[in-house]
*Asks:* 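Quick one: structure below, then a few questions.
Computed from a prediction, not measured in an experiment: that's the story for all the values here. The residues of the chain are indexed from 1 along the displayed sequence.
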Amino acid sequence: TAPPFRLSGLPVGISYSMGKSSKWQIWAVIMGLLPRPKHIAVFQADTGDEHDWSYEDAIGVREMCRSAGIPYFECRDKETLSCHMIQVVQSGANRADQPPLWIDKGLSRGRVQNRCTLRFKVAPMRRAQSEWLDSLGLPKRMDTWSGFGHDERRRVKPNDVAWERLRFPAIELNRTREQLTDDLKRWQTSCPPFSMCVHCPHKNIMRLMETPENNYKQASAYD
């Protein structure tokens, strides 16, 4: 049995990537499974290149937050990831905040460093978090909840800034991604298929086959 989830007393920002696991955190607070902090807000991290179903589902999440009195912030860079990459190619620049693209190494293949998450998700979200704390007249210290399930512990990375502490409610409660999906269904809310950029190099064949025609055309044009 998992220990109870306890609040630290710090303001809480929920990192919402428009997927099932991050959506679960919001609903878990609304449904009372997770305790509600005195200061809490939802921060939608968006590269501008998500699937249509993600943006459609986010509309309902935003309305639910407003009904529950939870501030909701849409966090986005001034340009989309795909526009940034296309401009880099067209201008001949030698640096890009790129996704982990595959590269040809002759007899084998390799991968470039992932820079897109920090630039297009983390940085816009942290700017919004700073402004939110400032609007409340609070010092720059907070907990950020991230929606990894217990079976995704390998994806957890250490804090890289002193003022923000990362917490993973589903991991602390020993809940897997499958259990998070079951909770959402039990709460009678929608479960979007998956959340990632339409052109993400992490997309496997199965997810490419599940990609709607409109988004598949976007990915093909980008490629």
Side-chain angles (χ1 to χ4, degrees), residues 15-23 43-58 74-127 144 146-162 164 166 168 170-171 176-178 180-181 191-223:
S15 174
Y16 172 49
S17 63
M18 296 182 280
K20 291 188 287 288
S21 297
S22 59
K23 180 179 181 177
F43 297 86
Q44 176 189 316
D46 178 15
T47 65
D49 290 329
E50 290 275 349
H51 295 78
D52 292 342
W53 61 52
S54 295
Y55 293 113
E56 291 168 3
D57 199 67
E74 297 179 44
C75 311
R76 193 165 164 178
D77 192 78
K78 60 184 178 181
E79 62 180 349
T80 65
L81 171 57
S82 57
C83 286
H84 167 71
M85 290 300 298
I86 290 170
Q87 288 172 4
V88 165
V89 172
Q90 292 176 339
S91 67
N94 57 14
R95 185 194 179 282
D97 292 301
Q98 77 277 331
L101 301 167
W102 293 105
I103 55 175
D104 185 5
K105 298 176 65 178
L107 298 178
S108 63
R109 64 177 182 174
R111 216 163 198 172
V112 297
Q113 184 182 17
N114 183 341
R115 289 177 174 163
C116 59
T117 300
L118 181 60
R119 157 82 185 271
F120 292 95
K121 284 193 170 184
V122 176
M125 189 169 65
R126 283 178 173 165
R127 286 194 293 269
T144 294
S146 186
F148 294 146
H150 194 262
D151 49 343
E152 296 178 290
R153 288 170 294 173
R154 68 187 185 283
R155 298 180 63 186
V156 172
K157 296 181 180 179
N159 285 55
D160 61 344
V161 292
E164 177 188 44
L166 299 177
F168 307 88
I171 293 178
T176 64
R177 287 176 296 175
E178 183 178 357
L180 303 185
T181 300
C191 295
F194 54 83
S195 172
M196 65 194 315
C197 289
V198 297
H199 51 72
C200 182
H202 286 305
K203 219 176 201 186
N204 57 31
I205 297 298
M206 184 62 68
R207 288 193 168 184
L208 278 172
M209 293 174 65
E210 294 173 357
T211 300
E213 182 179 0
N214 179 53
N215 292 141
Y216 190 87
K217 288 180 179 178
Q218 286 179 261
S220 297
Y222 169 85
D223 191 67

*Asks:* Would you compute the distance between atom CZ of Phe120 and atom CD of Gln98 and round it to the nearest 0.5 angstrom?
*Replies:* 10.0 Å
*Asks:* State, yes or no, whether a side-chain contact exists between Ser15 and Phe43 at a heavy-atom distance under 4.5 Å.
*Replies:* no
*Asks:* Working to the nearest 0.5 Å, report the span between NZ of Lys157 and CG of Leu166.
*Replies:* 11.0 Å
*Asks:* Any idea which heavy atoms bring Asn215 and Gln218 closest together, and the distance?
*Replies:* ND2-OE1, 2.6 Å
*Asks:* Taking all non-hydrogen atoms of both residues, which atom of Gln87 and which atom of Glu79 are closest, and how far apart?
*Replies:* OE1-OE1, 3.1 Å
*Asks:* Can you run down the salt bridge (Lys or Arg N to Asp or Glu O under 4.0 Å) pairs that involve residues 203-218, sequence neighbours left out, and say none if there aren't any?
*Replies:* Glu213-Lys217
*Asks:* Among all residues two or more places apart in sequence or in another chain, which pass the side-chain contact (heavy atoms from CB on, under 4.5 Å) test with Glu56?
*Replies:* Asp52
*Asks:* Does Pro201 reach the side chain of Arg111, with side-chain heavy atoms less than 4.5 Å apart?
*Replies:* yes
*Asks:* Over all heavy atoms of both residues, which pair between Val112 and Pro99 is shortest? Give the atoms and the distance, please.
*Replies:* CG2-O, 3.5 Å
*Asks:* What is the distance from atom CG of Asp49 to atom SG of Cys83, rounded to the nearest 0.5 Å?
*Replies:* 7.0 Å
*Asks:* So, does Arg109 use its side chain to make a donor-acceptor pair with the main chain of Gly106 at under 3.5 Å?
*Replies:* no
*Asks:* Which value, rounded to the nearest 0.5 Å, describes the distance between Leu107 atom CG and Asp104 atom CG?
*Replies:* 9.0 Å
*Asks:* Tell me, do Met18 and Pro192 make a side-chain contact under 4.5 Å, heavy atoms counted?
*Replies:* no
*Asks:* Are Pro124 and Arg76 close enough that some pair of their side-chain heavy atoms sits under 4.5 Å apart?
*Replies:* no
*Asks:* To check you understand the geometry: which heavy-atom pair defines the closest contact between Asp77 and Arg119, and what is its length?
*Replies:* OD2-NH2, 3.1 Å
*Asks:* Measuring from atom CD of Gln113 to atom CG of Asp97, what distance do you get when rounded to the nearest 0.5 angstrom?
*Replies:* 10.0 Å
*Asks:* In Å, rounded to the nearest 0.5 Å, how long is the span from OH of Tyr16 to CG of Asp46?
*Replies:* 10.0 Å
*Asks:* With side chains defined as the heavy atoms from C-beta onward, is the minimum distance between Arg127 and Cys75 less than 4.5 Å?
*Replies:* no
*Asks:* Parallel, tilted or perpendicular: which fits the ring planes of Phe194 and His51, with parallel below 30° and perpendicular above 60°?
*Replies:* perpendicular
*Asks:* Could you give me the CA-CA distance, side-chain angles and deciding distance for Val89 and Met85, then say whether side-chain contact (heavy atoms from CB on, under 4.5 Å) is met?
*Replies:* CA-CA 6 Å; Val89 172; Met85 290 300 298; 5.7 Å; no
*Asks:* Side-chain contact, heavy-atom cut-off 4.5 Å: Glu178 with Thr181?
*Replies:* no
*Asks:* Okay, side chain of Lys20, backbone of Pro193: is any donor-acceptor separation there less than 3.5 Å?
*Replies:* yes
*Asks:* Between Ser22 and Ser17, is any side-chain donor less than 3.5 angstrom from a side-chain acceptor?
*Replies:* yes
*Asks:* Compare every heavy atom of Gly149 with every heavy atom of Ala170, then report the nearest pair and how far apart it is.
*Replies:* CB-CA, 4.2 Å
*Asks:* Should we count CG of Asn159 as having more than 12 external heavy atoms under 6.0 Å?
*Replies:* yes
*Asks:* So, does Lys121 use its side chain to make a donor-acceptor pair with the main chain of Cys116 at under 3.5 Å?
*Replies:* no
*Asks:* What heavy-atom pair brings His150 and Ile171 nearest, and what distance separates the two atoms?
*Replies:* CD2-O, 3.4 Å
*Asks:* Do the non-hydrogen side-chain atoms of Leu180 and Ser21 ever get within less than 4.5 Å of each other?
*Replies:* yes
*Asks:* Show your working on side-chain contact (heavy atoms from CB on, under 4.5 Å) between Leu81 and His199 and close with a plain yes or no.
*Replies:* CA-CA 10 Å; Leu81 171 57; His199 51 72; 3.7 Å; yes
*Asks:* Taking CD1 in Ile205 as the centre, count heavy atoms belonging to other residues, nucleotides or ligands within less than 6.0 Å. Is the count above 12?
*Replies:* no
